[in-house]
Amino acid sequence: MTGAPAVGVVGAGYVGLTTAACLAHLGHRVVCVEADARKARRLRDGEVPISEPGLTELVRAGLAAATLSFTTEVRRLRRAGIVFLCLPTPMGADGDADLGALEAELVTLSGVLARECVLVTKSTVPVGTARRAARMLARPDVRLVSNPEFLREGHAVRDFLRPSRIVIGAEDAGAAERVAALYAGVDAPVLRTDPASAELAKYASNAFLAVKLSYMNELAELCERLGADITEVGRVMGLDARIGTAFLAPGPGWGGSCLPKDTRALLRSAPESGGALSVVRAAVLANEAQRERILGKVCRAVTGRPDGSLAGLRIGVLGLTFKAGTDDLRHSPALAIAHGLAERGATVTGYDPEVAATEAARLAPVQVADDPYLVGKDAAGIVLLTEWPQFRELDWARLAATTERALVVDTRNLLDTDRLARAGFAQVRLGGKAPRPAD
Ligand code: UGA
């Protein structure tokens, strides 16, 4: 890379790497600092360790154009005008966001950052972090800006380059302007606000999505009791522009590295600021109940009783990641349910297009197959847990031929009912009509 980098990015996780690669794509000179030497080396070779559409191409293009570089050395940031903090803020033992990595980095950065540098937090951080970070940094010449990310895994590059909004929370108008200028090539509304509002807006958005999903999951259960169909109900709701069509699909519960951690972190901050946020609390509880409800549903379908033992039975599982389009297993409801089935005595074999059979030791006692047709072998039932579209196209007759019982519990309402029926499968849906008999 020639000349000093204009932009520094600390952390090469899915947020940091996407930010670095996309900013390079937008024409900035970017250096990305990753503490893990092996990961940094792989990235320098153009090897992207996460599955994110379009990211490898952008990283390689940035490397080839010398607009993007990777290093383990924080001191490479000393001439950067703007530095983004993209460090993980995982869920701590008490539900609070764990800011350990971020705080440690501030201490290091204090002695490294250039004069008048702008330090931007992209990580999801509790309200007040920008203010606290400024105190910890003890560099009055450095301005802090909160610029939360709204990237979905599996769509991160697209969400960065075509976002619904860019939020810039800053006390200092000049610093806000400098950060906004980085996004000059992006067509999206830029909302300038104070740091606390920017920080809270991120949590508020994720918590709202969680509330919406828990509501749909509970409505799905009500549909089953009342003989309605959640797909029909959702269709009607979605056409109201105030509700919108997105995030209305019921499922095995919401998971991933963001919604579970952010709802809990938001709840942790609620008593301190006087608000109860009972709606968010209820959404979290409903999500925990959803796992049990799905387990009960599978047991009922297989044994006739929601608390029936699965001992001695084989269950096949389709999908292990927390949603389709990612290889991420963190807080995956699919994986939790697969483990729950094993706890109830079943021998569970799972298949996921993004999970290699070599991962098996990590996921034990769930066995991992590298062929979807192996999950059906002698199975008393198949449970579809992640909405990978390719599951729709499986040769279900071939699966039926190997199962002990041709029964599928479709927790994503993904599969075509008629096609399954033709293959001899009985289908149990979520919030849907009664299962069709296999014969
Ligand atoms: C979420 C937010 O959607 C992003 O806007 C945010 O930037 C990101 O967290 C973050 O904080 O970094 P992500 O974790 O990638 O993104 O996952 P989502 O696409 O939101 O899905 C969350 C969960 O909801 C998944 O388990 C998914 O299967 C479930 N879901 C989603 C449903 O069950 N039904 C739906 O209709 C939609």
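Read the numbers this way: they start at 1 and go in the same order the structure lists the ligands and their atoms. For the numbers below, each heavy atom of this structure counts, side chains included, while hydrogens, waters and symmetry mates do not. Everything numeric here is computed off the predicted structure, so don't read it as measured data.
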**Q** Give yes if a backbone or side-chain nitrogen or oxygen of Lys202 is under 3.5 Å from a nitrogen or oxygen of ligand 1, and no if not.
**A** yes
**Q** Heavy-atom contacts under 4.0 Å between His155 and ligand 1: side chain, backbone, both, or neither?
**A** neither
**Q** Indicate whether any N or O donor in one side chain lies under 3.5 Å from an N or O acceptor in the other, for Thr321 and Glu354.
**A** no
**Q** If you draw the axis of the six-membered ring of Phe150, does the NZ or CZ of Arg165 fall within 45° of it and under 6.0 Å from the ring centre?
**A** yes
**Q** Counting heavy atoms only, which part of Tyr203 comes closer than 4.0 Å to ligand 1: side chain, backbone, both or neither?
**A** neither
**Q** Whether the Glu153 and Ser257 side chains hold a donor-acceptor pair (N or O, under 3.5 Å, no angle test) is what I'd like checked.
**A** yes
**Q** Under 4.0 Å, heavy atoms only, figure out whether ligand 1 is touched by the backbone of Leu259, its side chain, both or neither.
**A** side chain
**Q** Please state which part of Thr326 comes within less than 4.0 Å of ligand 1, counting heavy atoms only: side chain, backbone, both or neither.
**A** neither
**Q** Taking N or O atoms only and a 3.5 Å limit, does Arg412 qualify as a polar contact for ligand 1?
**A** yes
**Q** Counting only heavy atoms closer than 4.0 Å, does ligand 1 sit against the backbone of Leu248, its side chain, both, or neither?
**A** backbone
**Q** Does ligand 1 have a heavy atom under 4.0 Å from the side chain of Thr386, from its backbone, from both, or from neither?
**A** neither
**Q** Could you check atom 34 (N) of ligand 1 against the protein and tell me its nearest heavy-atom contact, residue, atom and distance included?
**A** Ala249 O, 2.8 Å
**Q** Would you kindly say whether Arg44 and Ser69 are connected by a side-chain donor-acceptor distance under 3.5 Å?
**A** no
**Q** Taking non-hydrogen atoms only, is Asp159 closer than 4.0 angstrom to ligand 1 via side chain, backbone, both or neither?
**A** neither
